[in-house]
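Input: a single structure, listed below in structure tokens.
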Amino acid sequence: MTRLALHSRLIPGTEEAYEREHARVWPELITVMNRVGIRDWSIWRSGRDLFHLVDCDDYPAAVAQLANDPVDRRWQIHMSQFVESFAQNEDGTHPLNHVWTMSEQKD
């Protein structure tokens, strides 16, 4: 299992609408996410900034499978009215660079 973080930014003025959309995400999207190995996904918001914590079997493989899924494509198109962008690393990937985890420190 892999845990990773993502950072995205909302279009100005869409903060409340974005939260309303996530009050209950489409059940068929959750089914698809589970099928591709995404076990959990949490989102925190600070102003327009969103911080995602994702637990999955293999994130790159899951993203590749989602790219061809009609339910996820519909969700991404729908959410594009709220999300301005995802932060991107120099190599073009989206996960944030992991710095430290308290439970992993042994001393």
Taking atom CD of Glu84 and atom CZ of Arg9, what is their separation to the nearest 0.5 Å?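 Reported to 0.5 Å precision, the distance equals 6.5 Å.
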Report the distance from atom CH2 of Trp41 to atom CG of Leu53, rounding to the nearest 0.5 Å.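 Here the interatomic distance stands at 10.5 Å.
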Using the rule that Ile, Leu, Val, Met, Phe, Trp and Tyr join whenever any side-chain heavy atoms are under 4.5 Å apart, tell me whether [X] and [Y] fall into a single cluster.
{"X": "Ile43", "Y": "Leu6", "answer": "yes"}
{"X": "Tyr59", "Y": "Phe51", "answer": "no"}
{"X": "Leu96", "Y": "Leu4", "answer": "no"}

Under a 3.5 Å cutoff, is there a donor and acceptor pairing between the side chains of [X] and [Y]?
{"X": "His52", "Y": "Ser8", "answer": "yes"}
{"X": "Gln76", "Y": "Asp72", "answer": "yes"}
{"X": "Asp49", "Y": "His7", "answer": "yes"}

Validation row: [X], [Y] side chains within 4.5 angstrom (heavy atoms):
{"X": "Met1", "Y": "Asp57", "value": "yes"}
{"X": "Phe82", "Y": "Ile11", "value": "no"}
{"X": "Pro12", "Y": "Arg48", "value": "yes"}
{"X": "Val83", "Y": "Leu10", "value": "yes"}

Would you call Asp55-Arg3 a salt bridge at under 4.0 Å N-O?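 So Asp55 pairs with Arg3 through a salt bridge.
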Between Arg45 and Glu15, does any side-chain N to carboxylate O distance fall below 4.0 Å?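 Answer for the salt bridge query: no.
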Where do [X] and [Y] come nearest, in terms of heavy atoms and distance?
{"X": "Asn89", "Y": "Pro95", "answer": "ND2-O, 2.5 Å"}
{"X": "Ala62", "Y": "Ile38", "answer": "CB-CG1, 4.0 Å"}
{"X": "Arg73", "Y": "Ala67", "answer": "NH1-O, 3.4 Å"}
{"X": "Ile77", "Y": "Ser80", "answer": "O-OG, 2.6 Å"}

Does Glu104 form a side chain to side chain contact (heavy atoms under 4.5 Å, CB included) with His98? I'd like the steps, not just the answer. CA-CA 12 Å; Glu104 293 174 0; His98 178 255; 3.8 Å; yes
Surrounding CD of Glu16 (heavy atoms of other residues, nucleotides or ligands, distance under 6.0 Å), is the total greater than 12?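 It does not: Glu16 CD has 12 such atoms or fewer within range.
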Name the atoms and distances for all side-chain donor-acceptor pairs under 3.5 Å in residues 20-33, with sequence neighbours left out.
from, atom 1, to, atom 2, distance (Å)
Glu21, OE1, His78, NE2, 2.7
His22, ND1, Tyr18, O, 3.1
Thr31, OG1, Pro27, O, 3.2

